[in-house]
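Notes to accompany the following structure.
Computed from a prediction, not measured in an experiment: that's the story for all the values here. Lettering of chains follows the sequences in order, A, B, ..., and the numbering in each one begins at 1.
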Amino acid sequence: MPHNHPESAERPRDFIREIVAADVAAGLHGGRVHTRFPPEPNGYLHIGHAKSICLNFGIAREFGGKCNLRFDDTNPATEETEYVDAIQDDIRWLGFEWDELHFASDYFDQLYEWACVLINKGLAYVDSQTLEEIRSQRGTLTEPGRESPHRNRSPGENLDLFQRMKAGEFPDGAHVLRAKIDMASAHLIMRDPVMYRIRHAPHHRTGDKWCIYPMYDFTHGQSDAIEKVTHSICTLEFENHHPLYDWFIENLEIFPSQQYEFARLNLTYTVMSKRKLLELVRENRVTGWDDPRMPTLCGLRRRGYTPEAIRNLCAQVGVTKFNSLTDMVVLENALRNDLNKRAERRMAVLRPLKVVITNYPDGETEQLEAINNPEDESAGKRSVPFSKVLYIERDDFMEDPPKKFFRLGPGREVRLRYAYFITCQEAIKDDSGEIVELHCTYDPATRGGDAPDGRKVKGTLHWVSAEHALDAEVRLYDHLLKVESLGDVGEDEDWKDALNPNSLETLTGCKLEPSLADVQPGTSIQFERLGYFTPDSVDHTADKPVFNRSVTLKDAWAKIQKKQG
RNA sequence: UGCCCGGUGGUGUAACGGUAGCACGAAUGACUCUGGAUCAUUUAGUCUAGGUUCAAAUCCUAGCCGGGCAACCA
């Protein structure tokens, strides 16, 4: 069976795209492809949603089709306009634009009519039992359920009751509209599922118009049908709903949208449940939905992640029905790969150690030329001031260095990047024995960083001139969780005990090279040898710079230490 | 115990009855004014047992393991 899609040969393929391609080839719906992304506006989008967004919008783009954004807003208790706005911002930021914007709540009138259709067909009835009664009759995994005493009410009676439910004659919970399917079905979901419940609650869009609200199952497929969605792609937990999805469409005789399920994205060391993320926000475990430790799109954005990196991750993980757990390093690598090509380099010292160049003239300053991005010549060059007193990273000096430590130690010579070779002559300590300052000498002949005699050094350090340095706060982020997966947490334990207590480390008194004064939020910069950083979009000001670490650079020395340590 | 869906190196995936491939990780080496990047090499896999077939990761059967389902949530 040959594949005749040469135009799509290089695209990432997956089982859903193959189905779509086959449907197009077969001329289904005239070859039209229409998808939708259907978030519930009860929280912010996270990177798991990004996978769904890339899939749905990506397929539409690749097959010349359309993709709608539809808010699945059938539960007035949890949904808010704040989320509606944020979700749209995040989708656009990720790089996608919808063809049509819809709200399931726009279909409430149509849905009500369709409920009446089912009542008239004898396929739906009003049940007046309590929630507990209905629950107790549902049966178990192995035993069939029992039929409600109201199951055989006449269509006329049902219609009357349903209209009065809508008219607001009854309090919450007094009645419910149920589909009349099969209380003995092996599919629990088919045991007369609830279609409508009474909720005297204002809705973020329809206000007080309704006091009955349709359930997800009685909304989603029909919304797809109304919009003539050809491929309704959702995550695995809706697989069980598939027969019901089809049942409503068939019995209503409406457009036959087809549902397909794929596995949601799971990442190590983080949580992807909206409920849990909301818990972190409400309990102030994080500063908000956009806390840079959060896996939300706004959190990742503030952290310094780029849309490209997130889209690349989604392409790399693929689309399957296998319930997988993707290593966080894949995401981190996607960011490094993107930023390595684009981010300009600067020097910044996070934990400063003072260095005095004893043989350098007092009061002199010279400008040294530095390359902005070795991966991109068009990024040009800049000058960096050098003077007698500098800062280097505390980690770059060891009093008693092991063999594999290539940096500074007593009597050792290293290169200061773009500047000079220096040799450590003396480490000055305070009364408590802590090293407070290094005295070094420099070799004037090595200006720029090369020795005319061909002498080599093992290490190159970043540095900042003390006199010219900018003071800054730098926030270092680590995993939200200290365990790979919440699946490792026992059911009797509080999942929040798995939160990493060291997920944020705030450093003050960091020293930046002066050119960093101009960096605007939204820009990613590599601090050489340290990682990629970005000004914090909330707290950064020119007077008081605040940088977030997006991701570290790969660190071979740290790896050696870890292996030996 | 019922129903639905899955199981390919450490991780994520490809192979559509015909050479088990790719990426990430890991390891080694080269190069390097970032212990970054880059380049090269290596590592390691079809859940099990039967069956069909010239040929099975792929089809069939059974088992094992994992996920989901008993909200008036989505």
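Here A:His187 pairs with nothing under the side-chain hydrogen bond (donor to acceptor under 3.5 Å, both in side chains) rule; sequence neighbours left out. For A:Thr446, the side chain to side chain contact (heavy atoms under 4.5 Å, CB included) partners at least two apart in sequence or on another chain are A:Tyr420, A:Phe421, A:Asp443, A:Ala451, A:Arg455. Remark: A:Trp495 engages no residue in a ring pair (Phe, Tyr, Trp, His ring centres under 6.0 Å) (not counting sequence neighbours). The side-chain hydrogen bond (donor to acceptor under 3.5 Å, both in side chains) check on A:Ser185 picks up nothing, with sequence neighbours excluded. Under the side chain to side chain contact (heavy atoms under 4.5 Å, CB included) criterion, A:Arg549 pairs with A:Leu476, A:Phe533, A:Thr552, sequence neighbours left out. When the ring pair (Phe, Tyr, Trp, His ring centres under 6.0 Å) test is applied to A:Phe218, the partners found at least two apart in sequence or on another chain are A:Tyr196, A:Phe248. Residues satisfying the ring pair (Phe, Tyr, Trp, His ring centres under 6.0 Å) test with A:His462, not counting sequence neighbours, are none. Scanning for side-chain hydrogen bond (donor to acceptor under 3.5 Å, both in side chains) contacts around A:Asn56 gives A:Ser52, with sequence neighbours left out.
Under the 90° criterion around 0 for the glycosidic angle, B:rA71 counts as syn.
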What are the atom names and distances for every N/O pair under 3.5 Å that joins the protein to nucleotides 69-73 of chain B?
from: B:rC69; atom 1: O4'; to: A:Asn240; atom 2: ND2; distance (Å): 2.8
from: B:rA70; atom 1: O2'; to: A:Arg138; atom 2: NE; distance (Å): 3.1
from: B:rA71; atom 1: OP2; to: A:Arg135; atom 2: NE; distance (Å): 3.2
from: B:rC72; atom 1: OP1; to: A:Arg138; atom 2: NH2; distance (Å): 3.4
from: B:rC72; atom 1: OP2; to: A:Arg138; atom 2: NH1; distance (Å): 3.4
from: B:rC72; atom 1: O2'; to: A:Arg199; atom 2: NH2; distance (Å): 2.9
from: B:rC72; atom 1: N4; to: A:Gln129; atom 2: O; distance (Å): 3.3
from: B:rC72; atom 1: N4; to: A:Leu131; atom 2: N; distance (Å): 3.0
from: B:rC72; atom 1: N4; to: A:Gly173; atom 2: O; distance (Å): 3.3
from: B:rC73; atom 1: OP1; to: A:Arg199; atom 2: NH2; distance (Å): 3.2
from: B:rC73; atom 1: OP2; to: A:Arg197; atom 2: NE; distance (Å): 2.9
from: B:rC73; atom 1: OP2; to: A:Arg197; atom 2: NH2; distance (Å): 2.7
from: B:rC73; atom 1: O3'; to: A:Arg197; atom 2: NH2; distance (Å): 3.3
from: B:rC73; atom 1: O2'; to: A:Asn75; atom 2: ND2; distance (Å): 2.9

Name the pairs: protein N/O against N/O of nucleotides 8-11 of chain B, kept only if under 3.5 Å.
from: B:rU11; atom 1: O3'; to: A:Leu325; atom 2: O; distance (Å): 3.2
from: B:rU11; atom 1: O2'; to: A:Leu325; atom 2: O; distance (Å): 3.4

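In RNA chain B, runs of at least 3 stacked Watson-Crick or G-U pairs (N1-N3 plus N6-O4 or O6-N4, or N1-O2 plus O6-N3, all under 3.5 Å) give these stems: B:2-7 with B:64-69, B:10-13 with B:21-24, B:26-30 with B:38-42, B:47-51 with B:59-63.
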Next item on the list: Please test A:His241 against A:Tyr245 for ring-ring contact (aromatic ring centres under 6.0 Å, His included), starting from the C-alpha separation and ending with a verdict.
Entry: CA-CA 6 Å; A:His241 299 240; A:Tyr245 182 100; 10.0 Å; no
Next item on the list: Could you encode protein contacts along nucleotides 42-48 of chain B as a string, one character per nucleotide from 5' to 3', using B for base contact, S for sugar-phosphate-only contact and - for no contact, with a heavy-atom cut-off of under 4.0 Å?
Entry: -------
